[in-house]
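Below: the structure, in structure tokens.
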There are 2 protein chains.
Amino acid sequence: MLSQTEENYLKHLLHFGMQEGNAKGISSRQLADKLEVKASSVNDMLKKLKEKNLVQFEPYGKLFLTTEGEQKAVQIIRKHRLWETFLVNKLKFNWADVHEIAEQLEHIQSAHLMDKLDEFLDFPTVDPHGDPIPTREGLFKDDQRISLGDVELNTLVKIVGVKEDSPSFLNYLDKLKIQIGAIIELSAKEEFDESYQIKHEEKTLHVSQKFIENLWVIPTS
Amino acid sequence: MLSQTEENYLKHLLHFGMQEGNAKGISSRQLADKLEVKASSVNDMLKKLKEKNLVQFEPYGKLFLTTEGEQKAVQIIRKHRLWETFLVNKLKFNWADVHEIAEQLEHIQSAHLMDKLDEFLDFPTVDPHGDPIPTREGLFKDDQRISLGDVELNTLVKIVGVKEDSPSFLNYLDKLKIQIGAIIELSAKEEFDESYQIKHEEKTLHVSQKFIENLWVIPTS
DNA sequence: ATTAAAAGTTAGACAAATCTAACTTTATTT
DNA sequence: AAATAAAGTTAGATTTGTCTAACTTTTAAT
């Protein structure tokens, strides 16, 4: 059985797209920053995870999750997202407030519990932030989301998720009354300050590049 | 903030009735047995908890929870019982299967979560095993349960809980179709083997002394 | 191509929770 | 009351995950 710390390393590696065979690889430096530990700690842990055949790497080399490491990581993500869904849909938590608690709940060890919870939630496919929930078998439904940052001007899109789930971003969205499911149009870019103009329910808003990059959307026909 | 280990020590101390001023005191030996660690480990931890003003004791002396230690312990019990209630009432777990998972869930740190869960469960006062759930403020409703072992023969009683919650006992009860809420009568004692005869829905059963001692009941008028 | 900066590694130290083994104190027998 | 057993304590070791500080390798800049 893995410790919570080991699980967190695996989860972050998956989050950074470190699956086997993936060209882009994250540096252990970035991992250290993300986990808020020193590089030496990361190095120690990576050796341990390599020993357990969950991570693959050579000194000074690239870093990958093994298939086994990826499977473990996916199950942690699954637990995290199911718990977030529970907190929002059933306990009526605000979507900005669930992340921290889910970080704890994702380490509860009981596959049976997650199956029961999945059923109780009626087998959700996405969490409250629009992120896909992998199946029991570790499969993600294929994903047609694109970033609003990659959409051409004057396209109607539906918001299906957020890339970042920090409270500062989510509370900002709440303030703007922009929810998942909203139909918006990216209507103009202001050269002056790199800001964007979006239309939402008759209103026009001005938001930053960072803002639009962090919205997942799908084009509407 | 307390570690899970520290929380477990406090919980067990409360479970053994180690509140301040309580005459009967548990030995650190028994605590070690219960926690399945060595006596020296208990000793180390007790020193640490004393340092934090959660436990009170002198070398070779009696052992008590301080008021602060008791409060912490009660909150852990509250979390444990609310989670058990959730697992049984909402996720439809068997009452014999929830203890282990609740042992993990009781360490999740979020008072807000427990308030939300309490509300979601409609403010239950007892858990699936009939044990009282303390309030947010740490108070137990007063408790009129007595052990079936202390009831006189030929008394009608209602089963309101189980003293022990081991799967072996709970599954046995399931097999006998005896549930919480059942009305039974302790009808005779067999001198031959110290067994007892109980009547339940027209049927007569023979059970051990240990069995009846582990049922909480209240007499029916 | 050197040099400087950044990234990665190693060795040695620390805190938490445990252990073993030796010891002391208290309780129980005879 | 002395001997024995049980309970409790202490010291020193171990494991996990972290750290600092020194070092090596790789990458980037001039």
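Below, read A as the first sequence line, B as the second, and so on, with proteins coming before strands; counting in each chain starts at 1.
Distance Asn43(A) CG to dG12(C) C1': 15 Å, rounded to the nearest Å. In this structure, Gln4(A) places its CD atom 13 Å from C1' of dT16(D), rounding to the nearest Å. Taking atom CG of residue Leu35(B) and atom C1' of nucleotide dT18(C), one finds them 12 Å apart after rounding to whole Å. Straight-line distance from the CZ atom of Phe57(B) to the P atom of dT25(C): 16 Å, rounded to whole Å. For the pair Tyr60(A) OH and dT25(D) C1', the computed distance is 5 Å after rounding to whole Å. One atom, CG of Leu46(A), and another, P of dT10(C), lie 12 Å apart when rounded to the nearest Å. Remark: C1' of dT20(D) and CG of Asp44(A) are 12 Å apart, rounded to the nearest angstrom. The CE atom of Met45(B) sits 17 Å away from the P atom of dG8(D) (whole-angstrom rounding).
For dT18(C), the base has no donor-acceptor partner in the side chain of Ser40(B) [N/O atoms by modelled type, under 3.5 angstrom]. For Thr5(A) against dT18(D), no side-chain N or O and base N or O form a donor-acceptor pair under 3.5 Å.
Checking the phosphate oxygens (OP1, OP2) of dT9(C), no side-chain nitrogen or oxygen of Lys47(A) falls inside 4.0 Å. A sub-4.0 Å separation between OP1 or OP2 of dA21(C) and a side-chain N or O of Lys38(B) is absent. The phosphate of dT18(D) (OP1 or OP2) has a side-chain N or O of Tyr9(A) nearer than 4.0 angstrom. For Ser3(A), no side-chain nitrogen or oxygen approaches OP1 or OP2 of dT16(D) to under 4.0 Å. Applying the 4.0 Å criterion to OP1 and OP2 of dA7(D), one finds that Ser27(B) has every side-chain N and O outside that range.
For the residue pair Gln71(A) / Gln75(A), no side-chain donor-acceptor distance below 3.5 Å is found, with atom types taken as modelled. Between the side chains of Asn8(A) and His107(A), at least one donor-acceptor pair of N or O atoms lies under 3.5 Å. Side-chain atoms of Asp174(B) and Trp95(B) form a donor-acceptor pair, as typed in the model, at a separation below 3.5 Å.
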Hey, mind stepping through Phe86(B) and Phe93(B) against ring pair (Phe, Tyr, Trp, His ring centres under 6.0 Å) and telling me if it holds?
CA-CA 9 Å; Phe86(B) 168 69; Phe93(B) 268 77; 8.7 Å; no
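Side-chain atoms of Val37(B) lie closest to dT18(C) of the nucleotides dT18(D), dT18(C), dA7(C).
At distances below 3.5 Å, not a single donor-acceptor pair connects side-chain atoms of Arg81(A) with backbone N or O atoms of Pro134(A).
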